Colleague: 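Here it is, the structure, as structure tokens.
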Amino acid sequence: MKHRILFAAAAALAGAGCFIACKEQAKPNPFMEAYTTPYAIPPFDQISYDDYLPALEAGIAQKQAQVDSITANPETPTFDNTILALEQSGEILDKVAAVFFALDESNNTPEMAEIAETFYPTYSQFSDKMMMDAKLFDRVKYLYDRRDSLDLSADRKRAVESYYKAFVRNGALLSDEKKAELSAINTELSSLFLTFNKNLLNATNAFSIVVEDSLELSGLPASSIAVAGEEAAKRGLDGKWVFTLHAPSRLPLLQYADNRDLRRRMYEGYTNLAFDGEYSNQPVINKILRARDKKASLLGFENFGSYMTENVMAKTVENAEKLLMQIWEPAIDKAREEVAEMQAVVDSEGGDFKIAPYDYYYYAEKVRKQKYDLDEAVVREYFAVDSVRNGIFNMAEKLYGVKFTEMPDAPKYCDEVNVYDVTDAATGEHVAVFMTDYFTRPSKRQGAWMSEFKGSWRDADGEWSRPIVYNVGNFTPPTADAPSLLTLDEVETMFHEFGHGLHGMLTRVALKSQAGTNVDRDFVELPSQITEHWAMEPELLKTYARHYRTGEAIPDELIAKLEAAATHNQGFTTTELAGAALLDLQYGKLHPTADIDIKAFEDSVARELNMPAEITYRYRSPYFKHVFGSDGYASGYYTYLWAEVLDTDGFELFKEKGIFDPETAKKFKENVLEKGGSVDPMELYVNFRGHEPSVDALLRNRGLNKSVKVKGVRNND
């Protein structure tokens, strides 16, 4: 998400290196004018807080006038005068929404939070109004009812079907009274999501552990200690060390700190995040659950989970659960083996305790060292963020023929952002703009993500409007003594988000609504997750993994250890992920009429699943942003494992043919990356791979029990 760099007179956000333009008398609103920047990158240095709401109002007025023009057209509805006209409407609204949504996630200042109180409900209410417009729906329905006789191309026919379904799923068939009720529910949900996210950010920033005695830091890598020291200095606590819940601070402490009580405090701080107190999300979750249930009922669905899965590859909650349970049993069996290995280490060291959840990371690391002689603190020294980025760009050029050239003078919203011109390596043709924003800051929400400031489409003259795509991360910032050094998980995260980026950058479909990542939710993770596989492939690894001090390429001996340990701790990783996905699906089945006890509900699901006591959900409910921060992944967190069935099966073709085999890369690019949502996703996958997938490849990749009998992920009934 992109933010703003500004004039010398701009006020810097403390410690973030991000800026907001000062208000000027009679300053033109940049959102309401054509961008004159290279490739129409938003002119961040010209955008001020005062521009958002006026642009939102103007954008809504423009879009409404354009919709009114479509519905007032006396001509018989056609694809061009209805669907295409709708696709091409709303330029101002698209521009302001893209920038606001981006900055609200990655640069959430108090001013942005205040604007959001108006922006989100206003945007939601207008979206409802458009999707419930009876005259507009009548034109879409006219095309839908005649779609088989209109001689439409396959992508246009699919677009008609998608628009019709979107209107119906958003209340177009309801009575006026029910439409008003649905709109009120959507507005309420928009407000609740805003509150959930605000509470989560505030609760995250409110927690810290201050260490005063250096002896308590035993076991921690020097880089983590340095970051904690710098954080303390920022807070006026010189000579002390401050650890926060942000992943670059939290995870190394859990993984390396010898002090068990310190690990416990961090673990409990994280797993109780936003549970109680001033920033409790429990009341918010209960309101979200009731609102979602009312919405599903209003639209004629058995429950909210049914509503969310009906429109994607899974089709039903039961199909999603069936997939997860094929993974669950092998995962918990493996996790129990891992716990036994860790307990043996505790016992051998004379520890008089049983492995607890806050011990898992620490003793898993000890087991890894014993079994594979692999120390991740040493491994990190080969993964400076700039080196990994170079490896990613090298991979993309070898696979897909695109080149990344930095644009140092391009507009950016924060001085930590890097901007690249993406071109066809053979012809020099402009393909996309790509931006990266990798380091943690207090105003940025946790996690990593990809989105875009501008999508892609082709106009009536065949001219392309190419996308502006960005990746955001929360990696450890560089210190005075060292660059940002990534863990293995962070390296995979960087490759993962870049895979999403490739999906957005390489798209080649005519319609904006079908371009890039505008695909079924349980297909969208395929490009990202398959890209992760290249991260640790020796053929690529040797080209980018270099020691940050000496420049030495990663030695073959260390690569061999990485390969040997590739499936280490996969029982834990799979169990916490699948457990969270199954918890999410259970929430989607509820019909709550009163508040439920969130902790008790989590515990009941864990008991039913027979979840090992040493493991909890990857995200507990009050900080499960995927599910309660928006509707994006609600009743859909399973999609990461659904897509992993596809990506592991698909990557086996690359392994068979060669990880840089031109023909295999071409098939993946043309059938998956370029096609977006213009074709049924399973059809795209089969066109690339030659068959439908099964869970077998996932189990092999994670080193889990392969004896489970499984069928394909698709329900062919």
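Residue numbers run from 1 in the order of the sequence given. Just so it is clear, the structure is predicted and the values come from calculations on it, not from any experiment.
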Colleague: Within the 3.5 Å criterion, strictly below it, is a donor on H246 or N474 matched to an acceptor on the partner's side chain?
Modeller: no

Colleague: Scan side-chain atoms only and decide if S528 and E525 contain a donor-acceptor pair under the 3.5 Å cut-off.
Modeller: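 There is such a pair (donor and acceptor under 3.5 Å, judged by atom type) between the side chains of S528 and E525.
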
Colleague: Can you pull the side-chain hydrogen bond (donor to acceptor under 3.5 Å, both in side chains) pairs that have at least one residue in residues 607-616, sequence neighbours excluded?
Modeller: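 Residue pairs with at least one partner in residues 607-616: there are none.
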
Colleague: If I compare all heavy atoms of M313 with all of P681, which pair ends up nearest, and what's the gap?
Modeller: CG-CG, 3.6 Å

Colleague: Using the rule salt bridge (Lys or Arg N to Asp or Glu O under 4.0 Å), only one of K366, K371, R336 pairs with E341; which is it?
Modeller: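 Result for salt bridge (Lys or Arg N to Asp or Glu O under 4.0 Å) with E341: K371.
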
Colleague: Can you find a side-chain donor-acceptor pair between Q529 and E644 that sits under 3.5 Å?
Modeller: no

Colleague: Compute whether any side-chain donor of one residue and acceptor of the other, for N671 and Y685, lie under 3.5 angstrom apart.
Modeller: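 No pair is found: no donor N or O on one side chain lies under 3.5 Å from an acceptor on the other.
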
Colleague: Relative to the ring of F688, is the ring of F668 parallel (under 30°), tilted (30 to 60°) or perpendicular (over 60°)?
Modeller: perpendicular

Colleague: Which heavy atom of S106 sits nearest a heavy atom of D437, and at what distance?
Modeller: CB-OD2, 4.2 Å

Colleague: Answer yes when K542 and D556 have at least one side-chain N-carboxylate O distance shorter than 4.0 Å, and no when they do not.
Modeller: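 Between D556 and K542 there is a salt bridge, with a charged N closer than 4.0 Å to a carboxylate O.
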
Colleague: What are the two closest heavy atoms between L324 and L641, and how far apart are they?
Modeller: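 Distance-wise, the nearest heavy atoms are CD2-CD1, 3.5 Å.
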
Colleague: Does a side chain donor of either E321 or Q586 reach within less than 3.5 Å of an acceptor in the other side chain?
Modeller: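 Looking only at side-chain atoms, Q586 and E321 do form a donor-acceptor pair, the distance falling under 3.5 Å.
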
Colleague: Can you confirm whether the side chains of Y638 and T309 place a donor and an acceptor under 3.5 Å from each other?
Modeller: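 Short answer, no.
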
Colleague: Thinking salt bridges, do R368 and E365 make one under a 4.0 Å N-O criterion?
Modeller: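 Yes, this pair counts.
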
Colleague: Nearest 0.5 Å, what's the CZ-CG distance between F601 and L583?
Modeller: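 If we round to the nearest 0.5 Å, F601:CZ and L583:CG are 6.0 Å apart.
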
Colleague: So, using side-chain contact (heavy atoms from CB on, under 4.5 Å) as the criterion, who are the partners of V388 when residues are at least two apart?
Modeller: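 Residues passing side-chain contact (heavy atoms from CB on, under 4.5 Å) with V388: F383, I392, L486, V491, M494, F495, Y544.
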
Colleague: Any heavy-atom pair between the side chains of E349 and Y363 that's under 4.5 Å?
Modeller: yes

Colleague: Is it the case that D347 and Q343 place a side-chain donor and acceptor less than 3.5 Å from each other?
Modeller: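 Yes, side-chain donor-acceptor contact under 3.5 Å.
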
Colleague: Can you see whether Y438 has R389 sitting over its ring - NZ or CZ less than 6.0 Å from the centre and within 45° of the normal?
Modeller: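 No, cation not above the ring by the 6.0 Å, 45° rule.
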
Colleague: Please list, chain by chain and in numerical order, all residues satisfying side-chain hydrogen bond (donor to acceptor under 3.5 Å, both in side chains) with D373, sequence neighbours excluded.
Modeller: K561

Colleague: Work out which heavy atom in A634 is nearest to a heavy atom in R292; give both atom names and the distance.
Modeller: CB-NH2, 3.5 Å

Colleague: Quick one: pull up OH in Y587 and CZ in F624 and give me the separation to the nearest 0.5 Å.
Modeller: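 With rounding to 0.5 Å, OH (Y587) is 9.5 Å from CZ (F624).
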
